[in-house]
Amino acid sequence: MLSLHYETPLVESVVISQVAGCRVSLKLENLQNTGSYKIRGIAYRCVNEKERGCIRLVSSSGGNAGIATAYAGRKLDLPVTVVVPQSTPQVTVKRIEREGAAVILHGKTWNEANDYSLDLASQPGHAHIHPFDHPDIWQGYSSIASEMYYQLGC
């Protein structure tokens, strides 16, 4: 299966380890192209939807999930619409738009934005990419554990 995320470094934090009294390692997911771990799960779901014949991705987000969906859509050559609450900072809206997605500001809360995105995604060939609640997304996130297992030499 096509992967749209990178293997990220796992580095020991001496300072946090000293404070915690045990070895603490940090998984540097901020180094992903999208700036967060969200690309792992979101991209896994988007790839699956494309393989099922999806022609448009629709997501709701307050930030990182929308950025990840927009990035995945661009890489998969699928149009993307991301619905965000009206309170979403402009810097976040611009970041999503820079990835090529259409952004719709709707509602005061994420729940209102999500409800609207579900309506948009009800059209034939459109896939709703929930920001966190889908088995594909959980499966995609599990790649972090696999990487850490390997990186820790287990």
Trainee: Between H106 (side chain) and I104 (backbone), is there a donor-acceptor pair under 3.5 Å?
Mentor: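 Checking the backbone N and O of I104 against the side chain of H106, no donor-acceptor pair under 3.5 Å is found.
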Trainee: Report the distance from atom CG of N64 to atom OH of Y37, rounding to the nearest 0.5 Å.
Mentor: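 One finds 8.0 Å between CG of N64 and OH of Y37.
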Trainee: Does atom OH of Y116 have more than 12 heavy-atom neighbours from other groups under 6.0 Å away?
Mentor: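 Result for OH/Y116: open.
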Trainee: Looking at every heavy atom in both I42 and P131, which two are closest together, and how far apart are they?
Mentor: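 Looking at all heavy atoms of both residues, the shortest contact is CD1-O, 3.9 Å.
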Trainee: With distance as the sole test, does E97 use its side chain to make a donor-acceptor pair with the main-chain N or O of A102 at under 3.5 Å?
Mentor: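 Looks like no, no N/O pair under 3.5 Å.
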Trainee: Let's go through E49 and R45 carefully: what are the C-alpha distance in whole Å and the side-chain angles of both, what is the deciding distance for salt bridge (charged side-chain N to carboxylate O under 4.0 Å, His left out) to 0.1 Å, and is it a yes or a no?
Mentor: CA-CA 6 Å; E49 286 299 332; R45 172 119 169 85; 2.4 Å; yes
Trainee: Any side-chain heavy atom of L57 sitting closer than 4.5 Å to one from V82?
Mentor: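 Side-chain contact under 4.5 Å: no.
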Trainee: Check whether any side-chain N or O of K50 sits under 3.5 Å from a backbone N or O of L78 as a donor-acceptor pair, and report yes or no.
Mentor: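 No; zero donor-acceptor contacts below 3.5 Å.
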Trainee: Check the pair R40, D136 against salt bridge (charged side-chain N to carboxylate O under 4.0 Å, His left out), reporting the backbone distance first and the verdict last.
Mentor: CA-CA 10 Å; R40 291 176 181 267; D136 283 349; over 6 Å; no
Trainee: Taking the side chain from S13 and the backbone from S25, do they hold a donor-acceptor pair closer than 3.5 Å?
Mentor: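 No, S13 side chain to S25 backbone: no donor-acceptor pair under 3.5 Å.
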Trainee: Side chains of Y44 and I137: does their closest heavy-atom pair fall under 4.5 Å?
Mentor: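 Answer no - side chains too far apart.
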Trainee: Please examine the side chains of T92 and I96, heavy atoms only from C-beta on, and report whether any two atoms are closer than 4.5 Å.
Mentor: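 The answer is yes, as the side chains (C-beta and beyond) meet within the 4.5 Å cut-off.
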Trainee: So, do W110 and H130 have ring centers that fall under 6.0 Å from each other?
Mentor: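 Centroid separation for W110 and H130: below 6.0 Å.
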Trainee: Verify, without hydrogens or angle tests, whether Q32 (side chain) and Y6 (backbone) share a donor-acceptor contact under 3.5 angstrom.
Mentor: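 A pair under 3.5 Å: yes.
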Trainee: Kindly indicate whether the side chain of K27, heavy atoms from C-beta on, has any atom under 4.5 Å from the side chain of Q151.
Mentor: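 They are in side-chain contact.
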Trainee: Donor-acceptor pair, T69 side chain versus A65 backbone, under 3.5 Å?
Mentor: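 The answer is yes, because a donor-acceptor pair under 3.5 Å joins these two groups.
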Trainee: Which atom names give the shortest non-hydrogen contact between P85 and S61, and what distance separates them?
Mentor: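 For P85 and S61, the tightest heavy-atom pair comes out as CD-O, 3.3 Å.
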